[in-house]
Amino acid sequence: MAGRVAIVTGGTRGIGKAISVALKDAGYRVVANYGGNDAVAKAFTEETGIPAFKWDVSNFEACRDGVAAVTKQFGPVEVLVNNAGITRDSTLHKMTFEQWNAVIQTNLSSCFNMCRCVIESMRERKFGRIVNIGSINGQAGQYGQVNYAAAKSGIHGFTKALAQEGAAVGITVNAIAPGYIDTEMVRAVPPNVLEKIVARIPVGRLGRADEIARGVLFLVADEAGFITGSTLSINGGQHMY
Ligand code: CAA
């Protein structure tokens with residue numbers, strides 16, 4: 001419904017930016033969270049008119065304060081898109097604890113942090129829409145990504161568990177599992193590796209960020225109240241199950 005307040009984490013760049021813009025165009029009052037890049041966030045707000053709030057989603061207190069600030073300024077958060085994520089790719093035998101932990105905290109603990117900070121208000125209001133951005137690599141695994149695959153796979157389990165808790169109180173919780181989308185994150189994959197990956201995508205190309213945003217819009221709609229605990233794979237046919 002137009003006017004609902006939505007937070008998109010990691011919402012100023014890549015897939016998150018496309019989600020923020022799509023929600024705004026559909027009439028939601030969007031706040032884009034971001035973690036570090038002030039210059040990009042400033043340009044994003046100038047371009048889109050969407051406010052950008054900076055906090056670290058891997059830090060529980062920062063999420064609590066961030067959600068409180070958004071609620072004070074715009075009202076209770078009714079739509080949450082947990083999109084923020086990083087990669088620290090390395091084979092396990094070379095991976096440091098820091099690379100492991102950064103990905104687990106930023107990609108998975110962030111879902112706990114953010115959901116925990118909005119869930120009580122959603123329960124009171126008997127309405128909520130949560131979409132967690134997982135990954136094809138959480139479904140299928142990926143060489144060089146034990147940290148990322150574990151975090152994203154965790155997101156899929158988290159989604160199904162919270163969906164069961166929210167179902168009776170009007171809160172839906174779903175995941176989207178994007179495949180390889182044309183963003184900075186994917187462009188950071190070594191070109192020879194990426195070439196081989198794209199060759200295995202039946203649609204024959206990388207996805208576009210707006211093709212993920214389209215799925216988010218579908219899942220957060222008021223009319224989507226019977227869709228919960230599901231995972232929508234948007235991957236050009238790269239992984240089907
Ligand atoms: N399967 C099997 N073997 C593989 C492989 C694969 N997928 N990828 C690489 N290898 C092999 C290489 O062929 C090489 O073997 P040889 O030495 O026998 O030739 C060996 O592994 C070492 O490969 P590298 O030289 O690449 O080793 P490295 O240590 O420099 O880098 C890596 C390893 C960091 C994993 C690098 O290959 C890499 O970055 N891979 C990309 C991982 C990836 O797909 N990340 C996705 C990021 S995008 C994203 O995560 C978004 C999303 O949700 C989809």
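For this chain, numbers begin at 1 and follow the sequence in order. For ligands, and for the atoms within them, numbers begin at 1 and follow the listed sequence.
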Any protein heavy atom nearer than 4.0 Å to atom 48 (S) of ligand 1: yes

Stepwise side-chain contact (heavy atoms from CB on, under 4.5 Å) check, Ser58 with Ser109: CA-CA 6 Å; Ser58 72; Ser109 296; 5.8 Å; no

Closer than 4.0 Å: a protein non-hydrogen atom to atom 17 (O) of ligand 1: no

Thr9 vs Asn33, side chain to side chain donor-acceptor pair (under 3.5 Å): CA-CA, chis, key distance, verdict: CA-CA 5 Å; Thr9 69; Asn33 150 270; 4.8 Å; no

Ligand 1-proximal atoms of Ile181, by part, heavy-atom distance under 4.0 Å: neither

Of the listed options Gln145, Glu184, Arg200, Met185, closest to atom 50 (O) of ligand 1 (non-hydrogen atoms): Gln145

ILVMFWY cluster, Val30 and Leu80 together (side-chain gap under 4.5 Å): no

Contacting atoms of ligand 1, where contact means under 4.0 angstrom from a heavy atom of Gly179: 54 (C)

ILVMFWY cluster, Val77 and Phe53 together (side-chain gap under 4.5 Å): yes

Joint cluster assignment, Val220 & Ile234, ILVMFWY side-chain distance < 4.5 Å: yes

Atom 25 (O) of ligand 1 touched by protein heavy atom at under 4.0 Å: no

Within 6.0 Å of CZ in Phe60, more than 12 heavy atoms from elsewhere: yes

Non-hydrogen protein atom less than 4.0 angstrom from atom 1 (N) of ligand 1: yes

Straight-line distance of Thr159 OG1 to Asn82 CG, nearest 0.5 Å: 8.5 Å

Distance from atom 22 (C) of ligand 1 to nearest protein heavy atom, with residue and atom: Tyr143 OH, 4.0 Å

Minimum-distance protein heavy atom relative to atom 36 (C) of ligand 1: Pro190 CG, 4.3 Å

Sub-4.0 Å atoms of ligand 1 with respect to non-hydrogen atoms of Ile197: 44 (O)

Ligand 1 atoms in contact with Thr87 (distance to a heavy atom under 4.0 Å): 50 (O)

Which of the ligand 1 atoms, numbered from 1, are nearer than 4.0 Å to a heavy atom of Val189: 41 (C), 45 (N), 46 (C), 47 (C)

Contact atoms of ligand 1, heavy-atom distance to Val186 under 4.0 Å: 48 (S)

Ring-face cation of Arg4 near Phe127 (centre distance under 6.0 Å, axis angle within 45°): yes

Residues Ser233 and Gln139: side-chain donor-acceptor under 3.5 angstrom: yes

Path from Val103 to Phe112 over hydrophobic side-chain contacts below 4.5 Å: no

Residue Gln142 vicinity, atoms of ligand 1 by number, heavy atom under 4.0 Å: 42 (C), 43 (C), 44 (O)

Under-4.0 Å salt bridge between Asp182 and Arg208: no

Atom 44 (O) of ligand 1 touched by protein (heavy atom, under 4.0 Å): yes

Nearest non-hydrogen protein atom, atom 35 (C) of ligand 1: Gly144 CA, 3.4 Å

Exercise check, heavy-atom protein proximity under 4.0 Å to atom 12 (C) of ligand 1: no

Atom of Arg125, atom of Pro76 and distance for their closest heavy-atom approach: NH1-CG, 3.4 Å

Flag for Tyr143-Asp89: side-chain donor and acceptor within less than 3.5 Å: no

Numbered atoms of ligand 1 (with element) below 4.0 Å of Ser135, judged on heavy atoms: 52 (C), 53 (O), 54 (C)

Per-atom contacts of ligand 1 with Val193, taking only distances under 4.0 Å to non-hydrogen atoms: 37 (O), 40 (N), 41 (C)

Shortest protein heavy-atom distance from atom 29 (O) of ligand 1, along with the residue and atom involved: Lys94 NZ, 2.8 Å

Distance from atom 51 (C) of ligand 1 to nearest protein heavy atom, with residue and atom: Tyr148 OH, 3.5 Å

Atom 8 (N) of ligand 1 protein-contacted (non-hydrogen atom, under 4.0 angstrom): yes

Protein residue, atom and distance nearest to atom 42 (C) of ligand 1, heavy-atom basis: Asp89 OD2, 3.5 Å

Glu211/Arg205 salt bridge by N-O under 4.0 Å criterion: yes

Within-cutoff protein neighbour (heavy atom, under 4.0 Å) for atom 31 (O) of ligand 1: no

